[in-house]
Amino acid sequence: MPVRVRFAPSPTGSLHLGNALTAVANRRFADREVGIVVLRIDDTDPSRTVEGGEQAILGDLAWLGVAFDEGPVRQSERGSIYADAAERALASGAAENDSEGAVRLTREGTTLVRADGTATYHLASVADDLELGITHVIRGNDHRPNLELHQRIARALGRELPEVIHHGLVLGEDGKKLSKRHGHSSIAELRDEGLPAEAVRAYLDELDLPQHDVQLDLARLRRLAIDAIAGMSDEELAAAAGASVEAVPVLRGARSLVEAREYALLVLQPESAKLPDEARPTLDRFIELRAPMPERLSLDESRALVRELKAVGGDLRVLRLALTGAAKGPELAAVVAALSRDEALERTA
RNA sequence: GGCCCAUUCGUCUAGUGGCCUAGGACACCGCCCUCUCACGGCGGCGGCACGGGUUCGAAUCCCGUAUGGGCCUCCA
């Protein structure tokens, strides 16, 4: 029997890292067996759906490279399935109507259908997992206490629950449940911080299916970002940082895409800095060396130039300041390579 | 409070009774490299939560305690 799993977020906006872990875990689980991933939007509670929330999730999944094979299936559009399920539960005596008109599990009282006729998460989730032919449910530990309840609901419908696998949650660096307060908690935030998609994906892949809750390791994430940037081709890096390919040499030393953009700006729009009086000799030497050379220099040629300037006693810090307006930044030779001859001469004139 | 789950360096982990005076990665510290911030190279610090069993032998099995987490909604 082919494996069918599902990822079932509520449409509340950009995925939080823990949800993203569940999405990746489902995709990986299915891929091990050449299985199917169904994307299901759990929007049974209208008060919880956020405008554009589904789009944000779709965007996050695409960014992370998590594909799905079926869906999105929206629970808000599947009322008749839940109505049938409720009917069956009532018929079997496992559930009954209460005085308000809601359908509740006999004895324990868990609500299956609200008085307004909409299904609660418990009923909708179980009925859908059965109806969609899900073979394995992979979800976070926060759902573990629901396991027995869901098994009872499945039996009330005359079926058995699929196999359920729980994984640990992602906690903040303080060990508390991850929330907006922590920052760095949603995919959108991580993307805005300049972490490459490959890095976030690699982090989630590394976590795999944690047995217990794990603390968010930002240092690890940042390290993976450095690795991801190092692994990009010039074209990929330029595209990811929104810079031109000529600027790539200066982007190479950056540890995040945000930092890469800042480096690119140093070349495109240098800040004006006051040069010390003793800067002139170094700049004149630079001009002497640079002027007779081609409009564009390769990184190796630039390195040779910088080496030469240093050999004749040039103050490289002064050159950096003149070229970028900043005391810190990418490798000096990369800056020289990224600037045209005219631009370089103008900034040192 | 009740129920459930988990517990190996700061973090993520390897480890399923002898190969473990517990291995790795990232972080951290030091040194080297160096035009800055980084990258890189080399080295270092650092852990089996605790207490009882079982066993010739326990990180590994059992029990208890502690700690952490999750849930106890007509939220998912």
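Convention: sequence-line order gives letters A, B, ...; per-chain numbering from 1.
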With distance as the sole test, does [X] use its side chain to make a donor-acceptor pair with the main-chain N or O of [Y] at under 3.5 Å?
| X | Y | result |
| --- | --- | --- |
| A:T44 | A:T120 | no |
| A:S76 | A:P46 | no |
| A:R88 | A:G158 | no |
| A:E189 | A:S185 | yes |
| A:R285 | A:V312 | yes |
| A:Y203 | A:D217 | yes |

Does the side chain of [X] come under 3.5 Å of the side chain of [Y] through a donor N or O and an acceptor N or O?
| X | Y | value |
| --- | --- | --- |
| A:T282 | A:D315 | no |
| A:S298 | A:D300 | no |
| A:T324 | A:R320 | no |

Distance between the [atom1] atoms of [N] and [M], in whole angstroms?
| N | M | atom1 | value |
| --- | --- | --- | --- |
| B:G2 | B:A14 | P | 33 Å |
| B:A22 | B:U16 | C1' | 15 Å |
| B:C71 | B:G52 | C1' | 31 Å |
| B:C3 | B:U21 | P | 40 Å |
| B:G41 | B:A25 | P | 11 Å |
| B:G64 | B:G69 | P | 22 Å |
| B:C39 | B:A6 | C1' | 38 Å |
| B:C28 | B:G10 | P | 15 Å |

Does a nitrogen or oxygen in the side chain of [X] sit under 4.0 Å from OP1 or OP2 of [N]?
| X | N | answer |
| --- | --- | --- |
| A:R104 | B:U73 | no |
| A:T12 | B:A76 | no |
| A:S10 | B:A76 | no |
| A:H167 | B:C5 | no |

*Of A:A119 and A:E206, whose nearest nucleotide on RNA chain B comes first from the 5' end?*
A:E206
_Nearest-nucleotide comparison on RNA chain B, the residue closer to the 5′ end among A:V214 and A:T111_ =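 Its nearest nucleotide lies further toward 5', so the answer is A:V214.
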*Glycosidic class, syn or anti, of B:C39 using a 90° window around 0*: syn
Proximal nucleotide (of [options]) relative to the [X] side chain:
| X | options | value |
| --- | --- | --- |
| A:H212 | B:A76, B:U13, B:G70 | B:U13 |
| A:R220 | B:A25, B:C75, B:G70 | B:A25 |
| A:L207 | B:C75, B:G69, B:C12 | B:C12 |
| A:H122 | B:C12, B:U13, B:A76 | B:A76 |

Between N or O atoms, less than 3.5 Å apart, protein on one side and nucleotides 28-30 of chain B on the other: list the pairs.
none

*Same hydrophobic cluster for A:V137 and A:L123, using side-chain heavy-atom links shorter than 4.5 Å among ILVMFWY?*
yes
Any strand: nucleotide that pairs with [N] via Watson-Crick or wobble, under 3.5 Å:
| N | value |
| --- | --- |
| B:A6 | B:U67 |
| B:C56 | B:G18 |
| B:A25 | B:U11 |
| B:G40 | B:C32 |
| B:C74 | none |

Classify the nucleic acid contact of [X] as base, sugar-phosphate or nothing, counting any heavy atom under 4.0 Å across all strands shown.
| X | result |
| --- | --- |
| A:H143 | base |
| A:N146 | base |
| A:D43 | nothing |
| A:T110 | nothing |
| A:D213 | sugar-phosphate |

Return the value, rounded to whole Å, for the distance between atom [atom1] of [X] and atom [atom2] of [N].
| X | N | atom1 | atom2 | answer |
| --- | --- | --- | --- | --- |
| A:L147 | B:G70 | CG | P | 19 Å |
| A:N19 | B:C75 | CG | P | 19 Å |
| A:R48 | B:A76 | CZ | P | 7 Å |
| A:L123 | B:A76 | CG | P | 11 Å |
| A:E108 | B:U73 | CD | P | 12 Å |
| A:L209 | B:U13 | CG | P | 11 Å |
| A:E54 | B:A76 | CD | P | 16 Å |
| A:E148 | B:G70 | CD | C1' | 15 Å |

Please tabulate, one pair per line, each protein N/O and nucleotide N/O from nucleotides 33-39 of chain B that are separated by under 3.5 Å, including the distance.
{"from": "B:C35", "atom 1": "OP1", "to": "A:K310", "atom 2": "NZ", "distance (Å)": "2.4"}
{"from": "B:C35", "atom 1": "OP2", "to": "A:K310", "atom 2": "NZ", "distance (Å)": "2.7"}
{"from": "B:C35", "atom 1": "O2", "to": "A:R320", "atom 2": "NE", "distance (Å)": "3.3"}
{"from": "B:C35", "atom 1": "O2", "to": "A:R320", "atom 2": "NH2", "distance (Å)": "2.7"}
{"from": "B:C35", "atom 1": "N3", "to": "A:L332", "atom 2": "N", "distance (Å)": "3.2"}
{"from": "B:C35", "atom 1": "N4", "to": "A:L332", "atom 2": "N", "distance (Å)": "3.4"}
{"from": "B:U36", "atom 1": "O2", "to": "A:G329", "atom 2": "N", "distance (Å)": "2.7"}
{"from": "B:U36", "atom 1": "O2", "to": "A:G329", "atom 2": "O", "distance (Å)": "3.2"}
{"from": "B:U36", "atom 1": "N3", "to": "A:R320", "atom 2": "NH2", "distance (Å)": "2.9"}
{"from": "B:U36", "atom 1": "N3", "to": "A:G329", "atom 2": "O", "distance (Å)": "2.7"}
{"from": "B:U36", "atom 1": "O4", "to": "A:R320", "atom 2": "NH2", "distance (Å)": "3.1"}
{"from": "B:U36", "atom 1": "O4", "to": "A:P330", "atom 2": "O", "distance (Å)": "3.4"}
{"from": "B:U36", "atom 1": "O4", "to": "A:E331", "atom 2": "N", "distance (Å)": "3.4"}
{"from": "B:C37", "atom 1": "O2", "to": "A:Y263", "atom 2": "OH", "distance (Å)": "3.2"}
{"from": "B:A38", "atom 1": "O2'", "to": "A:R255", "atom 2": "NE", "distance (Å)": "3.4"}

*Should the ring pair A:Y121 and A:H143 be called parallel, tilted or perpendicular, given that the plane angle runs from 0 to 90° and is split at 30 and 60?*
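Correct class here is tilted.
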*Between A:R296 and A:E246, is there a salt bridge with N-O shorter than 4.0 Å?*
no
_Do A:P330 and A:V335 have side chains that approach each other closer than 4.5 Å (heavy atoms only, starting at C-beta)?_
yes
